[in-house]
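See below for the structure under consideration.
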Amino acid sequence: QVQLVESGGALVQAGGSLRLSCAVSGRSFSTSAMAWFRQAPGKEREFVAAINFDDSIADYSDSVKGRFFIFRDNAKSTMYLQMDNLQQEDTATYFCAATRYGATTRYGGHYDSWGKGTRVTVSS
């Protein structure tokens, strides 16, 4: 059974930091590109960041570039999202996703496994 389990979401003040984790089981991790998406209340899901299979190539949305850092530990089958200088507009439920492809992609339809999400709330 494939499982992607996010953790690390919390309430944090603007300017603060959080680190999200996504633990993967039941599927090949080291050959799969991974990504974070988020969905704010009343809004569409949006791409946040993606990392290729061997942690050598990352892609970020313009809204988080320079503040967020995506990385992975293939030995632990876990992906991370370090979020610094959080802003109120970062408030959302964050989802991790896995694709059978090794290269990064921003298209949600390319991801075949999803977690249930972890909530991040940024207060002023």
Side-chain angles (χ1 to χ4, degrees):
Q1 180 182 0
V2 177
Q3 281 194 311
L4 280 67
V5 180
E6 303 95 336
S7 61
L11 171 64
V12 62
Q13 284 192 324
S17 297
L18 282 176
R19 178 176 290 185
L20 305 184
S21 299
C22 173
V24 179
S25 60
R27 64 171 290 156
S28 173
F29 181 79
S30 62
T31 59
S32 300
M34 300 287 298
W36 289 96
F37 290 79
R38 68 185 181 187
Q39 187 167 21
K43 293 189 176 181
E44 298 280 317
R45 183 183 67 193
E46 66 171 345
F47 168 79
V48 175
I51 185 80
N52 75 331
F53 74 103
D54 68 357
D55 202 27
S56 62
I57 298 173
D59 184 28
Y60 299 91
S61 68
D62 288 345
S63 61
V64 307
K65 193 175 296 183
R67 300 187 298 120
F68 290 12
F69 178 61
I70 186 172
F71 61 105
R72 62 193 292 163
D73 185 340
N74 283 353
K76 295 182 179 179
S77 295
T78 302
M79 174 183 66
Y80 304 91
L81 185 68
Q82 177 67 37
M83 306 187 295
D84 297 325
N85 191 20
L86 282 159
Q87 304 300 313
Q88 283 189 280
E89 53 265 34
D90 296 317
T91 293
T93 298
Y94 284 70
F95 300 89
C96 68
T99 174
R100 70 176 71 89
Y101 304 110
T104 60
T105 172
R106 295 187 173 199
Y107 177 49
H110 285 167
Y111 292 88
D112 50 79
S113 298
W114 292 81
K116 294 183 178 180
T118 185
R119 181 139 185 90
V120 172
T121 303
V122 184
S123 64
S124 58

Phe53 reachable from Ile70 in the ILVMFWY side-chain graph, under 4.5 Å edges: no
Ring pair (Phe, Tyr, Trp, His ring centres under 6.0 Å): pairs with one or both residues in residues 72-92, sequence neighbours excluded: Phe71-Tyr80
Lys116 backbone acceptor or donor facing Glu6 side chain under 3.5 Å: yes
Expected output: side-chain Thr99 to main-chain His110 donor-acceptor under 3.5 Å: yes
Under 3.5 Å donor-acceptor, Asp112 side chain and Arg100 backbone: yes
Listed partners of Asn52 passing side chain to side chain contact (heavy atoms under 4.5 Å, CB included), at least two apart: Asp54, Ser56, Ile57, Thr104
side-chain contact (heavy atoms from CB on, under 4.5 Å) assessment of Gln87 paired with Val122: CA-CA 6 Å; Gln87 304 300 313; Val122 184; 5.6 Å; no
With Val24, the side chain to side chain contact (heavy atoms under 4.5 Å, CB included) member among Met34, Lys76, Gln3, Met79: Met34
Under 3.5 Å donor-acceptor, Arg27 side chain and Val2 backbone: no
From Ser21 atom OG to Arg72 atom CZ, the distance as rounded to the nearest 0.5 Å: 13.5 Å
Cluster check Trp114, Tyr94: I/L/V/M/F/W/Y, side chain < 4.5 angstrom: no
side-chain contact (heavy atoms from CB on, under 4.5 Å) evaluation trace for Val12 with Met83: CA-CA 11 Å; Val12 62; Met83 306 187 295; over 6 Å; no
Ala33 to Ala103 - nearest heavy-atom pair and separation: CB-O, 3.2 Å
Qualifying residue, where the test is side chain to side chain contact (heavy atoms under 4.5 Å, CB included) with Leu4 and the options are Ser25, Ser77, Cys96: Cys96
Distance, nearest 0.5 Å, that separates SG of Cys22 from CG of Leu81: 10.5 Å
Phe95 with Leu18, same ILVMFWY side-chain cluster at under 4.5 Å: no
Atom pair CG/OG of Asp55 and Ser30 - distance to nearest 0.5 Å: 12.0 Å
Distance-minimising heavy-atom pair for Phe68 and Val48: CD2-CG1, 3.8 Å
Separation of Arg119 CZ from Leu20 CG (nearest 0.5 Å): 12.5 Å
Test side chain to side chain contact (heavy atoms under 4.5 Å, CB included) applied to Glu46 - qualifying residues, sequence neighbours left out: Arg38
side-chain contact (heavy atoms from CB on, under 4.5 Å) between Ser7 and Thr118, intermediate numbers included: CA-CA 6 Å; Ser7 61; Thr118 185; 5.5 Å; no
Partner of Phe47 under ring-ring contact (aromatic ring centres under 6.0 Å, His included), chosen from Trp36, Tyr111, Tyr60, Phe37: Phe37
